[in-house]
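Before any comments, here is the structure.
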Amino acid sequence: MHWTNDLIFLCMLDKYLISMHNARMSHAQRARTSSDVCFVRAYAKINLTLDVLGRRADGYHDLATVMQTVDLYDTICLTATEDSRVQLACTKPELSNEDNLVVQAAHLVRQRLAIRQGVLIELHKHIPMAAGLGGGSSDAAAVILALQQWWRLHLSHSDLLDMATSLGSDVPFFLTGGLALCEGRGERVTALAPYWPRSMRWLLLLKPAISISTAAVFRNLPASDYSDDTHSRAVSRALNAGQTPQLEDLHNSFERSVLGRYPEVARAKGDLLQAGAPFVRLSGTGPTLYAPFSELANAQKVQEQLQSQGYEVYLSRAIHPNVVDVNVY
Ligand code: C5P
C-alpha cells in the first residue's frame, strides 16, 4: 500500500477504535503483517473428550469437551482492497462463497466497528472439510484475530467472544486455542495447563473419505448416548496435574452412533488398530479418527500402512500456544 492509500485506509477506520492493545491472541494465530497484506495460520483441533450432556430448549446441546490444537493448518492471506467488499478466493472452489465463515467473520468485524475498508481473503485449505477437526471454525477465529491485530482494532475479549459465538459453537475455542475445557454450547472456554502426555507425542489423523454434517450427527444421537461431564472433568484434572488421563475417560459420546451409522468410519478404526495404533478415538462429530503414538517411527510406520490402503492420513502433533518457539513461522 502506498503512503496516500495508507492514509485513506487509516481514515476509513474509526479513529478511536485504533488501539495498540490487542486482546489476548493465540500464539498459534499470531498474524504476520506488512502494511497491506496479512498472513495468518488457522490450526485444527482434536477432541480428547466430548461429553454430550443433553438437548437444550434452543435446539443446541450442552457439552463438556476437552480440545487440543494440532499443527495441521490452513493458511489465510488478507489483502486490503480499494473497494468496500469482502472477497474470498479459496483453493477449494466449493468453499469460495459468501456462506464461508471467513467471509461472515470479516463482515461481522466490519459491521461491529462500522469499517468500510475492503478486504480480499485468500484461503489455502489443508484441513479436511466437515471432518470434525474444526477447520471452518478455526478459519473464522483466525480472520477475527488477524483483522484485530492488522487494523489495530480496539475489541475487548467479550467483543471477540460475542462475534465468535455468533459464528459457531467451536469458534470461541480457537480465539485462544491450545488445551482447553469447553462447556455450554462450546463457548465457555477454560484454558488448561499446557501438559501433553509423552505417550501421545505424535498423532495420526485419519480422515475417512466421507463428509459428515455436524447437525445430522447431533440430530441422530440417541439420548441413551448422553453422558454427564465426568470424563471431561477427569481428563481436565489429570492434565492440569501433569498426569496421563485414564484411557476410559477419553470418551466421545458420538463415537458409538457414528461408527454404527457410517461403516467407512468403523472400518477405518479397525484398520488403524490392526496396523498397530495403541488406541483410536473419533474427533468431534467425525469422521476423522485420531491415534496417538509416543515414537515417531511407529507413527510413520502406521501412517505408511494406512496410506498404502488408500486412506488420507496426517502425521501431526499437539501444539501448546504458550510455549515459546513452538509455533513460530
Ligand atoms: O454452532 P454450529 O453452527 O457449529 O453448530 C452446527 C450444528 O450442530 C447446530 O446447528 C446444531 O444442530 C448442532 N450443535 C448442537 N449443539 C452444540 C453445537 C452444535 O446441537 N453444542
Side-chain angles (χ1 to χ4, degrees), residues 42-69 74 92 94-95 97-109 123 125 127-145 160-177 180-190 207 210-233 235-236 251-258 261-262 265 282-288:
Y43 287 96
K45 58 81 182 165
I46 57 167
N47 300 73
L48 272 189
T49 64
L50 208 182
D51 293 311
V52 179
L53 312 183
R55 194 165 185 280
R56 315 185 332 180
D58 63 5
Y60 283 93
H61 293 73
D62 274 320
L63 310 175
T65 176
V66 176
M67 299 213 269
Q68 168 68 55
T69 306
D74 294 336
K92 300 273 181 198
E94 62 272 39
L95 294 181
N97 57 59
E98 283 282 310
D99 293 337
N100 193 303
L101 283 185
V102 294
V103 175
Q104 294 181 35
H107 280 309
L108 211 54
V109 171
L123 173 56
K125 286 299 290 181
I127 306 172
M129 299 173 286
L133 295 170
S137 302
S138 182
D139 293 342
V143 165
I144 294 175
L145 293 170
L160 295 174
L161 197 57
D162 268 5
M163 289 191 285
T165 305
S166 74
L167 289 166
S169 307
D170 276 354
V171 183
F173 164 76
F174 289 105
L175 291 177
T176 43
L181 170 67
C182 304
E183 296 170 284
R185 250 174 76 194
E187 84 286 11
R188 279 194 350 249
V189 180
T190 309
K207 159 69 174 52
I210 55 167
S211 296
I212 293 190
S213 145
T214 303
V217 175
F218 270 101
R219 213 174 28 249
N220 292 324
L221 185 72
S224 53
D225 284 343
Y226 294 166
S227 50
D228 58 18
D229 61 3
T230 314
H231 303 293
S232 297
R233 299 239 160 253
V235 169
S236 302
H251 172 83
N252 181 331
S253 294
F254 292 112
E255 191 162 321
R256 202 195 60 82
S257 65
V258 168
R261 195 170 279 268
Y262 303 96
V265 185
L282 189 73
S283 181
T285 51
T288 301

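Below, each value reflects all heavy atoms present in this structure, side chains not excepted, and no hydrogens, waters or symmetry copies. From a predicted model like this one, the values you see are computed outputs, not experimental measurements. First listed ligand is number 1; within each ligand, the first listed atom is number 1.
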Among protein heavy atoms, which lies nearest [atom], and at what distance?
{"atom": "atom 18 (C) of ligand 1", "value": "S169 OG, 3.4 Å"}
{"atom": "atom 9 (C) of ligand 1", "value": "Y60 CE2, 3.9 Å"}
{"atom": "atom 19 (C) of ligand 1", "value": "F218 CE1, 3.4 Å"}

- prompt: Quick one: does G59 get within less than 4.0 Å of ligand 1, heavy atoms only?
  reply: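 Contact present.
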
- prompt: When rounded to the nearest 0.5 angstrom, what distance separates NE2 in H231 from CG in L48?
  reply: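 Answer rounded to 0.5 Å: 13.5 Å.
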
- prompt: Taking the side chain as C-beta and beyond, is there a heavy-atom pair between T230 and D51 under 4.5 Å?
  reply: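 Result no, sub-4.5 Å side-chain heavy-atom pair not found.
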
message: Does any part of the side chain of L63, heavy atoms only, come nearer than 4.5 Å to the side chain of F218, both counted from C-beta?
response: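 Yes; the side chains approach each other to less than 4.5 Å.
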
Atoms in ligand 1 with a heavy atom of [X] nearer than 4.0 Å:
{"X": "L63", "value": "21 (N)"}
{"X": "T214", "value": "8 (O)"}
{"X": "G168", "value": "1 (O)"}

query: Are K125 and D139 ion-paired here, with the side-chain N under 4.0 Å from a carboxylate O?
result: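 Counted as a salt bridge, because a side-chain N and a carboxylate O are separated by less than 4.0 Å.
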
query: Below 3.5 angstrom, do we get any N/O pair linking D170 and ligand 1?
result: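 Such a contact does not occur with ligand 1.
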
query: Should H61 be counted as touching ligand 1, given the test is an N or O pair under 3.5 Å?
result: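 Between H61 and ligand 1, an N or O pair is found under 3.5 Å apart.
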
task: Return yes if some donor-acceptor pair links the side-chain N/O of K45 with the main-chain N/O of G135 below 3.5 Å, else return no.
output: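 Not a single qualifying donor-acceptor pair exists.
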
task: Mind listing the closest non-hydrogen atom pair of A64 and L53 along with its distance?
output: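 So the two residues come closest at N-CG, 4.3 Å.
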
field: Donor-acceptor side-chain pairing of T288 and S283 below 3.5 angstrom
entry: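 No, S283 and T288 have no side-chain donor paired with an acceptor closer than 3.5 Å.
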
